[in-house]
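Below, read A as the first sequence line, B as the second, and so on, with proteins coming before strands; counting in each chain starts at 1. Predicted, not measured: the structure shown is a model, and the values here were computed from it.
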Amino acid sequence: MAEYRYDPAEIEQRWQQVWADEGTWEASNDFSDGQQTSYVLVMLPYPSGEPHIGHLKVYSVGDAVAHFHRRTGRRVLNPMGYDAFGLPAENHAIKTGQHPRDSTDIAIAEFRRQFREWGMSIDWTREFGTHEPRYYRWTQWIFLELFNRGLAYQKQAAVNWDPVEETVLANEQVIDGRGERSGALVEVRQLKQWFFRITDYADRLLEDLDTIRWPEHVKTMQRNWIGRSEGAEVVFRCEELEIDYPVFTTRPDTLFGATFFVMAPEHPDVLRLAEGTEHEAEVRQYVNRSLTDDTQLRGDIDKEKTGVPLGRTVTNPVNGEQLPIYVADYVLMEYGTGAIMAVPAHDERDYAFAKAYDLPIRRVIEGPDDEFPYSGDGTLVDSAPEFDGLHNRAALEAIVRWLEREGKGHSSVNYRLRDWLISRQRYWGTPIPIIHCPACGAVPVAEQDLPVLLPDIEDYKPRGRSPLATAEDWVRTTCPQCRGPAQRETDTMDTFVDSSWYFLRYCDPDNERAPWDPNIVARWMPVDQYIGGVEHAILHLLYARFFTKALSDLGHLPSDLQEPFSALFTQGMILRDGDKMSKNKGNVISPTTIVERFGADTARAYILFIGPPDQDADWSDSGVEGMNRFLGRLWRNAAEAADELPDHPIPDEINDDDERLLRKTHWAIDKVTSDMSDRFNFNTAIAAVMELLNEVTPVKRGDASPGAVRFALSTAASLLFPFAPHTATDAYHLLTGERVWEQPWPDADQAWLERPTFELVCQVNGKVRDRAQAPSDASKDELLALCRQAPRVRAHLDGRDVVKEIVVPGKLVNIVVR
RNA sequence: GCGGGCGUGGUGGAAACGGUAGACACGCCGGCUUUAGGUGCCGGUGGCGCAAGCCAUGGGGGUUCAAGUCCCUCCGCCCGCACCA
């Protein structure tokens, strides 16, 4: 017997050459043939160092989907780019002096090399990095579009300042009071910053979640983040100073239970209200302490409630009562109006405060017991004759109607979502295309002057302001409106701005007159299948949705394009011994090592085989070897059959081995197809191909005809193609002389899926006692009879009364005895 | 505290519907081939038991002819949000 040696290095290199030479994976923007399209997109990588195993996993998933879509008749857009602006490259520059552009371009070259080495079916003609002027020119253009429509604006605000990165951060980038990247406790600073008005879109961002096929937990996270609550705004008046203080409450039904009123320490009126009262000094002290307090500590829910009275009162609009005003740090300036009515009987926090300061507690809703606080539903009591006795839900509406009639309040909706703070005091990002003119204010750079190029500078270190400020020649400019001397904006944009529209640019990447041609975008968008990590559940995925809606409203996208990603899949991490891989732990396994040793196909197929791709999976060195053995076995069987078995068709008269093999082959087609269709069950799909190959080996030595063996092997290769494209291509080519990627996805023949007989499970009292071969078309009575005849069943029926008989056709019979 | 997810052999994991628990693979055991092998091939492998059989999907309870799957409850782990009025 000849020796057939599986040589993945040679096979992979050879086919990659063909794909590169022929541009096999390029997707044309000529849609005249009317072919169905599919946009399969994996989140673009941040190019730093070199790809890790997580990249290999996510792109293997994406590539499998792309290949499956292609072979089931769709034209697939599967592009690649790089999210190339960002802090790591800049921090590296501060340390080494190497320009971030240079280190980034080196990393990109390595990513590109490895993606090619992995054999990913990417359309390389559409590649770009978000740091290239031909890209960020349009990021700036989009900024100006938003600016011109009032969706980008500057305001002085309390913002999150990361003292390590020396820049502000968006709310979404602060995790447990710490900077997302640095882990440093963020400080609050009052600064003038650029924002995008994402809050205008809160309702649509919430509602449209119902229209997309995303994992439920991601949708839930977005809903929580947006944090919509319905309630009412109620006006409390300070008579002494003649000022109205509106508060937001979700429980206007408890208005009669309000016994005091609380303002946040940041509330601009706190000091003014306390002025001239006996509490002034104490209030001043409390406010100062709160503002300098650790934000994290202050946010701790278990922290004891503290506060100070202001020495003033407000009027409860429903009953005219005078409620003492307190300042307390459990009230947040960022939410609602920065002031609340306090109802200790029916709110946990107000109750804790009332207990600590010995304030009255008044029940206005009946509860199941006398316990306070009670936040559930019940009958309204001790409120007003017109509302007492109503269920609190009904009372809520009645009270709001009353407030509206009296002009003392109205129903209202509040959100947790804040506007998106996009300015960063850092170098390596897209410059904000604004010019500050002493006379004209913030003036947009003219469209024909885009891009505003990022200047080269000497020192990248941020010193409380953007390093761009040191590029004085660059900063100094003239005002586009009045031609007077003016200064450029020196902040750059959050890199999440860059990645909020890249999926649109892929559609039309070389367009020099516009960010994209809406007609082309209309053909590809929305993305049919988006794939990436859950860590972007809120940040990137919320921002990209906002951009899509805003750009659609501005007329730059089709009006029906409201969501960028119709379907989302979030992949799990690859762990090692149950731990994250990290350089610190020294347990990193690099894709290069695996690819060098076993080939890309082994690495890719193993990662997909290890378990469901949305779950975390533990890496196993011996597991990889097993996959390498399987691919080698498939390839050798194919090579051997191609050489040694005559290329005859399957004979009309088939023997038992042929039949067995053909049934298994069609079963495998059916299994892999359904595992791939709406699911991501790659692990079981690969297992099915293994089962098929396991069936070929013994049969080959038996009586199977050459045609049947060749058919089984070429089908196995064809089914494996999305997971191990090179090996599958080569095996298929050896057997058929054809290119598997040009072949349609195999079709399972129903006739071979149905069997003339099946194994009938015979149960007594729900326990399996025996099995019997039964004709597939047997009647219920026949199945029952077969079961009763089975020897082990008879033993268990002996001398007992049959109570009940259950027949499940095609499956089992259960006889219940006593 | 609220919301979501998960818990199956020595290991990773199978089992859309309630209907043969453990597919496929790793590991392990045995055999054959090989000068040798980190190769290839064949067989075995949830636990207890000689066997008939019994036990087994985190624990307990329930519904059902039948439960990994449905319901209740408890335990453990993971993720998100968290003084949001």
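Side-chain rings of Tyr4(A) and Trp635(A) stay apart, their centers remaining 6.0 Å or farther from each other.
As a whole-Å value, the separation of Trp635(A) CH2 from U39(B) C1' is 15 Å. Nucleotide G13(B) holds its P atom 17 Å from the CZ atom of Phe682(A), rounded to whole Å. In this entry the distance linking CD1 of Ile686(A) with P of G13(B) reads 15 Å, nearest Å. The nearest whole Å value for the distance from the NE2 atom in His346(A) to the P atom in C83(B) is 23 Å. In this structure, CG of Leu209(A) is placed 15 Å from C1' of G4(B), rounded to the nearest angstrom. Atom P of nucleotide A23(B) and atom CG of Leu692(A) are separated by 18 Å, given to the nearest angstrom. Distance Glu230(A) CD to A85(B) C1': 15 Å, rounded to the nearest Å. Protein atom CE of Met690(A) is 13 Å distant from nucleotide atom C1' of A14(B), rounded to whole Å.
A 4.5 Å side-chain heavy-atom check between Leu421(A) and Asn171(A) finds every atom pair outside the cut-off. Val188(A) places none of its side-chain heavy atoms less than 4.5 Å from the side chain of Glu266(A).
Across the P atoms, G62(B) and G10(B) are found 28 Å apart, a figure rounded to whole Å. Taking atom C1' on both nucleotides, A15(B) is separated from G59(B) by 23 Å, rounded to a whole Å. Taking the C1' atoms as reference points, G22(B) lies 12 Å from U45(B), given to the whole Å. Look at the C1' atom in both A21(B) and A14(B): the space between them is 10 Å, to the nearest Å. Going from the C1' atom of U11(B) to that of G1(B) covers 37 Å, rounded to whole Å. Distance check on atom C1': G12(B) versus A23(B) gives 13 Å, rounded to whole Å. To the nearest whole angstrom, the two C1' atoms, one in G46(B) and one in G27(B), are 15 Å apart. Spacing of C1' atoms, U33(B) relative to C42(B), comes out at 11 Å, to the nearest Å.
Shown here are the side chain to side chain contact (heavy atoms under 4.5 Å, CB included) partners of Ala712(A), two or more places apart in sequence or in another chain: Leu661(A), Thr665(A), Leu692(A), Val696(A). By the side chain to side chain contact (heavy atoms under 4.5 Å, CB included) test, Glu759(A) pairs with Arg771(A), Gln773(A), sequence neighbours left out. Considering only residues two or more places apart in sequence or on other chains, Ala641(A) meets the side chain to side chain contact (heavy atoms under 4.5 Å, CB included) condition with Leu645(A), Leu713(A), Leu735(A). Legend: residues meeting side chain to side chain contact (heavy atoms under 4.5 Å, CB included) with Lys780(A), ordered by chain and number and at least two apart, are Val807(A), Pro809(A). For Asp269(A), the salt bridge (Lys or Arg N to Asp or Glu O under 4.0 Å) test picks out Arg272(A), with sequence neighbours left out.
At the heavy-atom level, Gly626(A) lies under 4.0 Å from the strands shown only through sugar-phosphate atoms. Within 4.0 Å (heavy atoms only), Arg769(A) reaches sugar-phosphate atoms of the nucleic acid but no base atom. Using a 4.0 Å heavy-atom distance criterion, Arg679(A) is classed as a base contact. Within the nucleic acid shown, Glu334(A) has no heavy atom closer than 4.0 Å to any nucleic acid atom. Across all strands shown, Val331(A) has heavy atoms under 4.0 Å from base atoms, whether or not it also approaches the sugar-phosphate. Heavy atoms of Arg818(A) sit nowhere under 4.0 angstrom from any nucleic acid atom.
Residue Asn683(A) places at least one side-chain N or O closer than 4.0 Å to OP1 or OP2 of A14(B). Between Lys671(A) and A16(B) there is no side-chain polar atom (N or O) within less than 4.0 angstrom of OP1 or OP2. Residue Asn694(A) has a polar side-chain atom (N or O) positioned under 4.0 Å from OP1 or OP2 of A25(B). Phosphate proximity of A85(B) to Ser229(A): present, with a side-chain N or O under 4.0 Å from OP1 or OP2. For the OP1/OP2 pair of A82(B) and a distance below 4.0 Å, the side-chain nitrogens and oxygens of Arg416(A) include at least one atom meeting the criterion. In this structure, Arg633(A) does not reach the U39(B) phosphate: none of its side-chain N or O atoms is under 4.0 Å from OP1 or OP2.
Relative to the six-membered ring of Tyr330(A), Lys305(A) meets both conditions, a distance below 6.0 Å and an angle of at most 45° to the axis.
A salt bridge is defined here as a Lys NZ or Arg NE, NH1 or NH2 lying under 4.0 Å from an Asp or Glu carboxylate O, and Asp244(A) with Lys408(A) fails to meet this definition. Note on Glu304(A) versus Lys355(A): no salt bridge recorded, every NZ/NE/NH1/NH2 to OD/OE distance being 4.0 Å or above. Ion pairing between a basic and an acidic side chain is recognised when a charged N comes within 4.0 Å of a carboxylate O; Arg679(A) and Asp614(A) show no such pairing.
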Report task. For nucleotides 60-65 of chain B, just jot down a letter per nucleotide in 5' to 3' order: B, S or -, based on protein non-hydrogen atoms under 4.0 Å. Result -> -----B
Report summary line: With sugar-phosphate taken as primed atoms, P, OP1 and OP2 and all else as base, the protein-contact string of nucleotides 27-37 of chain B at under 4.0 Å (heavy atoms; B, S, -) is S----------
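Residues in residues 333-343 of chain A take part in these side-chain hydrogen bond (donor to acceptor under 3.5 Å, both in side chains) pairs, two or more places apart or across chains: Ser229(A)-Tyr335(A). Applying the side-chain hydrogen bond (donor to acceptor under 3.5 Å, both in side chains) rule to pairs touching residues 782-795 of chain A yields Ser779(A)-Glu782(A), Arg788(A)-Glu805(A), sequence neighbours excluded.
In this structure, of C54(B), G53(B), C41(B), it is C54(B) that holds the atom nearest to the side chain of Lys767(A).
No N or O donor and acceptor, one from the side chain of Arg251(A) and one from the base of A85(B), sit under 3.5 Å apart.
Under 3.5 Å, the side chains of Asp675(A) and Thr684(A) contain a donor-acceptor pair of N or O atoms.
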Query - Test salt bridge (Lys or Arg N to Asp or Glu O under 4.0 Å) applied to Asp253(A) and Arg393(A), step by step - result: CA-CA 7 Å; Asp253(A) 50 327; Arg393(A) 302 287 179 102; over 6 Å; no
Report task. Go through the steps for Asp601(A) and Thr727(A) under the test side chain to side chain donor-acceptor pair (under 3.5 Å), then give the verdict. Result -> CA-CA 7 Å; Asp601(A) 278 353; Thr727(A) 307; 2.6 Å; yes
Report summary line: Its dot-bracket string being built from Watson-Crick and G-U pairs below 3.5 Å, with | for another strand and [ ] for crossing, RNA chain B has the pattern (((((((..(((......[....)))((((((.......))))))(((....)))..(((((..]....))))))))))))....
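For the segment residues 214-221 of chain A, residues with any heavy atom less than 4.0 angstrom from an atom of RNA chain B are, sorted by number, His217(A), Thr220(A), Met221(A). For the segment residues 606-621 of chain A, the set of residues with a heavy atom within less than 4.0 Å of an atom of RNA chain B comprises Phe609(A), Ile610(A), Pro612(A), Asp616(A), in numerical order.
Taking OG1 from Thr254(A) and CE from Met341(A), the interatomic distance works out to 3.5 Å, rounded to the nearest 0.5 Å.
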